[in-house]
Amino acid sequence: MGSTSADAENNTTGAVDGVGRRDLIKRSAALGLAAVPATGFLSACASGGGDEATDTSGQGPKTAKNPLGVTASAPMEFVLFNGGFGKEYGEDAVKIYEKNFPKSKVKFTATLKIQSTLQPRFNGGTPPDLIDNSGAEQMDMGVLVGQKQLADLTPLLDAPSYDDPAKKVRDTLRPGIVEMGQFDGDPVYIMYYAYTTYGVWYSQKALDELEVEYPETWDDMLAVCAKAKKKGTAGWTYPGQYPYYIPFSLYAMIGKVGGADVLKAIDNLEPNAWKHPAVKACFEAYYELYRKGYILKGTPGLSHTQSQAAWAEGKALFIPNGSWVENESADVIPADFGVSIGAPSGLDSSDKMPFGTLWASGAEPFVVPAKAKNPSGGMEQLRIMLSEESSKNFTSKVKSLSALDGGTDGIELTPGLKSGVAALEKAGDNILNPRIQDWYVALQKEKIGTGGIGEMMAGRLTPAEAIKKIQGYADEAAKDDSIKHYKHT
């Protein structure tokens, strides 16, 4: 899921029109790629060779140092989402590519406007070679895969890793990363570069001053919010303009209470999945935050940056978010804030999963278009980014783990990152990974997140009304033959 933000829209390497920062899987209404026509699938690593001086197809002879067979002189174009993670880590990785392939002209662009910038290029058959498909204008991954617009990244995964030729790239990745990129069978269409922990974010200093511990049960959560309210502090805030952030904590609570199979049924668009007792109980719990006045006044009108600023200023204790929040809000978070993540509070001892159960998964989806002119170059850029050097650079600069398993040795972890690592260790095998947000982007953001959950949290729907409405949205999507459907196997 990627993060978001940014006002600046300036490109860097390779002159093109200005572009900007990262708005994460997560900002205004998600836009699908409905207008993209179906095209034939292009293998990402076709056999070939050719004269390096004249062949710019991106496919050249394979060597130990060039296992994907990139043509040294082939141009390579890389478009990065310039949101909460910024663009510097991408620029740094491009410099390594340029050093390795000095004859190649690299065009690097950072932008917030992924869909509106790139959809016409997909339509015209001239997409870039590598895309960070994230942010409010994230192209619908399910649509891209269903219409065969993406190259299979298996050649990258089976290539020797950048640091250790004895290991394949796939063997250096965190658990679940490869599987997240799969939609139907073995092909892998997406490389999630960041590794995100989702949950309830808070200031350890604020809890210490309130003399409370992070609440493990919902009764305790309500008690903490009541105590904060007496001190003039709201319990919660969230991006009211983009209420699909609320599931970052709510979905994990549903899984904790009812078990992982409840979330899988929701992902599978099964009939009545949203009517499960765990969904009802958790919706009613969150609705109590509204009903008891524990949500910061004006929250339904706040953007992600405004809600995060209010949280950083101590106007609210808790905010549902992803681990990019520490970097995205670095300019407004006080030095002694103590950025921390909390796993979802449960209901009681009858919960199916223990406290500490967490939603953690790959985020920041990178793709190589099937019609890229230099698909091998796009994959090689990803191979570079999955090196220990680039991974450590990413973690140091953006305060987030990468998909590379490890890669934190020698790095001084920030409070939020340290808290996230500790939360992962506590969760152990109790990691949840709802897929609805990448299988059905528009459904999750525009309908479930905004039209259902957002309306409930603003007090315009009761939990029962929200569940009925959301189940209707899911049923419509399940019956819609114009979209590709996916299921857990």
Side-chain angles (χ1 to χ4, degrees), residues 198-200 215-226 234-240 242-296 299-300 318-321 342-348 350-353 355 357-359 432 434-437 440 443-478:
Y198 300 93
V200 181
E216 295 190 11
T217 68
W218 202 254
D219 283 344
D220 290 341
M221 171 62 76
L222 295 177
V224 169
C225 290
W236 284 61
T237 189
Y238 61 86
Y242 317 114
Y244 45 83
Y245 273 58
I246 299 168
F248 294 159
S249 58
L250 175 57
Y251 282 0
M253 183 183 184
I254 291 171
K256 180 187 186 310
V257 172
D261 285 345
V262 179
L263 296 179
K264 289 181 180 179
I266 287 173
D267 291 340
N268 290 343
L269 303 181
E270 293 179 13
N272 299 318
W274 287 93
K275 296 180 181 180
H276 192 283
V279 177
K280 180 176 183 291
C282 293
F283 270 48
E284 289 175 346
Y286 267 60
Y287 189 67
E288 284 290 281
L289 297 175
Y290 161 77
R291 200 176 65 80
K292 292 181 179 293
Y294 296 154
I295 296 176
L296 180 66
T299 285
F318 304 113
I319 189 169
N321 223 307
S345 305
L347 290 182
D348 51 43
S350 70
D351 291 355
K352 299 292 186 183
M353 301 181 75
F355 177 73
T357 296
L358 195 72
W359 178 1
L432 299 169
R435 300 304 306 278
I436 195 167
Q437 76 167 12
Y440 307 104
L443 171 65
Q444 164 63 16
K445 289 186 175 182
E446 298 174 4
K447 295 182 177 179
I448 295 171
T450 302
I453 295 171
E455 290 296 287
M456 179 185 76
M457 295 304 292
R460 293 187 285 265
L461 291 177
T462 66
E465 290 169 338
I467 289 171
K468 181 179 180 180
K469 192 173 184 181
I470 290 171
Q471 186 63 61
Y473 290 144
D475 291 342
E476 287 174 5

Restricting to non-hydrogen atoms, name the atom on Ala343 and the atom on Phe355 that form the minimum distance, rounded to 0.1 Å.
O-CE1, 3.9 Å
Separation between CE of Met456 and CD1 of Ile470, rounded to the nearest 0.5 Å:
7.5 Å
Please identify each residue that fulfils side-chain hydrogen bond (donor to acceptor under 3.5 Å, both in side chains) with Glu216, with sequence neighbours left out.
none
Using only atom types and a distance under 3.5 Å, with no angle test, would you say the side chain of Asp348 pairs donor to acceptor with the backbone of Ser350?
yes
Got a second to check how far Ile266's CD1 is from Arg435's CZ, nearest 0.5 Å?
15.0 Å
So, using side-chain hydrogen bond (donor to acceptor under 3.5 Å, both in side chains) as the criterion, who are the partners of Ser345 when residues are at least two apart?
none
Got a second to check how far Leu222's CG is from Leu289's CG, nearest 0.5 Å?
6.5 Å
Are Pro300 and Tyr238 close enough that some pair of their side-chain heavy atoms sits under 4.5 Å apart?
yes
Which atoms form the tightest heavy-atom contact between Pro247 and Trp359, and what is the distance?
O-CZ3, 3.4 Å
Which salt bridge (Lys or Arg N to Asp or Glu O under 4.0 Å) pairs, counting each pair once, include a residue from residues 455-472, with sequence neighbours left out?
Glu455-Arg460
Do Gln471 side-chain atoms and Ala273 backbone N/O form a donor-acceptor pair below 3.5 Å?
yes
Taking the side chain as C-beta and beyond, is there a heavy-atom pair between Phe248 and Val200 under 4.5 Å?
no
Leu347 CG to Glu284 CD distance, which is reported to the nearest 0.5 Å:
10.0 Å
Just grab all the salt bridge (Lys or Arg N to Asp or Glu O under 4.0 Å) pairs involving residues 250-259, residues at least two apart or on different chains.
Lys256-Asp351
Could you measure the distance from the CD1 atom of Ile467 to the CH2 atom of Trp274? Nearest 0.5 Å is fine.
9.0 Å
For the side chain of Thr450 and the backbone of Lys447, is there at least one donor-acceptor N/O pair under 3.5 Å apart?
no
Could I get the full list of ring pair (Phe, Tyr, Trp, His ring centres under 6.0 Å) partners for Tyr286, not counting sequence neighbours?
Trp218, Trp236
Please confirm whether the backbone N or O of Pro434 pairs with a side-chain atom of Asp267, one donor and one acceptor, at under 3.5 Å?
no
Going by ring pair (Phe, Tyr, Trp, His ring centres under 6.0 Å), name the residues that satisfy it together with Tyr287, two or more places apart in sequence or in a different chain.
Tyr290
Heavy atoms, side chains only, cut-off 4.5 Å: are Val279 and Val262 in contact?
yes
